[in-house]
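Inspection log for the structure reproduced underneath, given as structure tokens.
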Amino acid sequence: MSTSTPLRSLNINNINPHVREAQYAVRGELATRAESYRAKLKKGHPPTPPDESLPFDTVISANIGNPQQLDQKPITFFRQVLSILEYPPLLENEDVLLTSLGYKQDVIDRARWLLSEVNSVGAYSQSQGVPGIRNSVATYIERRDGYPSDPGNVFLSAGASSGVNTLMNVICAKPETGILVPIPQYPLYTATLAVLNARCVPYYLDESRAWGTDLSAIKSAYQKAKEEGTDVRAIVVINPGNPTGASLSPEDVRSVIEFAAEEKLVVLADEVYQTNIFIGKFTSFKKGLRDLQKEQPKRFDNVELASLNSISKGMVGECGHRGGYFELVGFDDEVQAQIYKFVSIMLCAPVVGQCLVEMQVNPPREGDPSYPLYKQEWDGIAQGLQKRATALFEAFKDMEGVVCQEPQGSMYLYPTITLPPRALAQAERDRRAPDAFYCFRLLDATGVCVVPGSGFGQREGTLHFRTTFLAPGTEWVGRIRAFHEGFMDEFRG
Ligand SMILES: Cc1ncc(COP(=O)(O)O)c(C=O)c1O
């Protein structure tokens with residue numbers, strides 16, 4: 001129903017058309033319906049009986065990588081430090097913290113140090129981020145890659161999303177500007193390009209090679225875009241992938257950098273899942289670039305790389321606090337100054353989020369009083385994720401018409417589904433894409449919310465859905481399996 005009235009200035013036809021056109025399926029109609037089911041099931045205050053008309057008693061939001069909404073417990077060290085940062089008078093009673101609350105001395109020391117850096121978490125920080133925290137990020141990057149990092153090139157951000165938004169705003173100069181984006185992709189990229197009225201240049205990942213990054217696909221997408229008059233300026237790589245979970249091998253990382261160097265493309269390396277690895281080892285683009293620069297002096301001097309990380313993912317899962325960072329390598333000083341100006345217009349990233357970035361990159365070490373619990377919690381989360389990923393993968397293996405790649409990393413599985421012709425015909429009658437039709441039926445029957453492949457992009461004629469494996473337990477996997485059997489029976493031949 002339209003609510004436009006001549007008395008209002010704004011209506012759907014006169015707002016920025018680029019906002020209207022942007023699509024962001026992970027929070028789309030399915031997620032809205034899931035929220036309405038959740039509201040129906042919620043006991044009110046004062047208590048009202050929950051709605052019993054639904055065939056399930058809980059909603060499982062497997063549509064988005066939101067760990068703590070799905071009951072992942074925050075890491076104790078992080079939250080104990082935050083509690084002091086939010087209320088520094090607690091430090092006046094250190095004994096109470098140590099004896100009654102069981103805080104360890106390193107919690108108190110870290111909180112004192114962070115407070116000395118930020119003064120108060122209620123104050124704006126420098127726009128690029130608190131200097132001491134940027135130093136910690138640079139130290140982490142150096143430890144991870146074995147190459148130095150300059151804190152002057154680190155920008156703290158309100159999650160990786162805000163970093164991507166900054167970089168894309170600066171790169172997208174005109175409607176013909178294009179950015180190579182992997183398909184399937186996390187829709188932040190296509191949505192931001194749509195809002196900026198710039199072009200998405202899709203390159204397809206290779207499902208037959210466990211969603212590998214295929215350089216020949218990148219090259220042909222680039223050539224085609226150039227022939228169509230697109231001024232391609234950058235390439236996005238999501239490693240490990242969302243929605244695919246695939247990790248790039250060191251060779252893949254190198255070949256993307258070599259291509260970027262040849263064609264003068266900025267590399268946007270989205271590395272928010274760098275610690276969510278089940279198979280193999282994470283190779284950062286920064287390390288890949290520095291290795292190439294060492295081996296072949298001069299050839300890679302001008303490569304521009306922006307790599308992003310976040311507190312939202314990994315075992316940290318503090319996405320509601322909105323923290324992250326990006327590191328720039330090889331950018332022109334004047335361009336970097338404009339990036340600084342752009343972030344300064346938003347003043348600064350949330351300071352509590354910045355403090356969480358500090359603890360993420362500089363966690364308790366062996367020998368520190370908080371280390372044993374930190375390690376136990378970290379390992380518990382990592383093992384839980386791997387266990388649930390495997391349970392889901394095993395379930396998909398047994399399901400008719402479902403083919404899934406082995407989980408390698410990140411927080412998602414992205415199976416292909418082949419639906420019976422009668423289901424496709426029903427989807428058409430319902431005016432839904434077939435994978436969306438399947439996902440709505442799944443939600444209505446089980447309360448499990450997943451996202452259709454059409455929200456991430458997929459090859460013509462193929463169907464997928466993406467599910468996280470964050471939800472606790474495996475009972476909900478059984479719900480998916482039972483639904484799927486019933487669905488196939490209903491529409492089969
Ligand atoms: C690949 C990828 N990049 C970026 C983000 C955004 O993360 P943040 O919460 O740090 O903004 C997400 C969130 O799911 C993601 O999957």
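All residue numbers refer to positions in the sequence shown, counting from 1. We count ligands from 1, going down the list as the structure has it; atoms in each ligand are counted the same way.
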If the cut-off is 4.0 Å to any non-hydrogen atom of [X], which atoms of ligand 1 fall inside it?
X: R322; answer: 8 (P), 9 (O), 11 (O)
X: I238; answer: 1 (C)
X: S310; answer: 8 (P), 10 (O)

Regarding ligand 1, does [X] bring an N or O atom to under 3.5 Å of one of the ligand's N or O atoms?
X: S162; result: no
X: A160; result: yes
X: N242; result: yes

Does R432 count as lying over the ring of F440, i.e. NZ or CZ under 6.0 Å from the six-ring centre, within 45 degrees of the axis?
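Output yes; distance and angle both within limits.
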
Discussion item. Could you tell me if R466 sits above the aromatic ring of Y412, with its cationic atom closer than 6.0 Å to the ring centre and no more than 45 degrees from the axis?
Written reply: yes

At under 4.0 Å between heavy atoms, what of S312 touches ligand 1? The answer is side chain

Where is the nearest protein heavy atom to [atom]: which residue, which atom, and how far?
atom: atom 14 (O) of ligand 1; answer: K313 NZ, 2.9 Å
atom: atom 6 (C) of ligand 1; answer: S161 OG, 3.3 Å
atom: atom 12 (C) of ligand 1; answer: Y186 CE2, 3.4 Å
atom: atom 1 (C) of ligand 1; answer: D270 OD2, 3.2 Å

Item to check | Polar side-chain atom of E327 near backbone of N153 as donor-acceptor pair, under 3.5 Å | outcome: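 The answer is no, because no donor-acceptor pair under 3.5 Å joins these two groups.
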
In short, I64 meets T468 closest at the heavy-atom pair O-CG2, 3.4 Å

Can you classify the ring geometry of [X] versus [Y] as parallel (below 30°), tilted (30 to 60°) or perpendicular (above 60°)?
X: Y438; Y: F465; answer: parallel
X: Y189; Y: Y186; answer: perpendicular
X: F278; Y: F469; answer: tilted

Rounded to the nearest 0.5 Å, the NZ atom of K287 sits from the OG atom of S307 at a distance of 14.0 Å

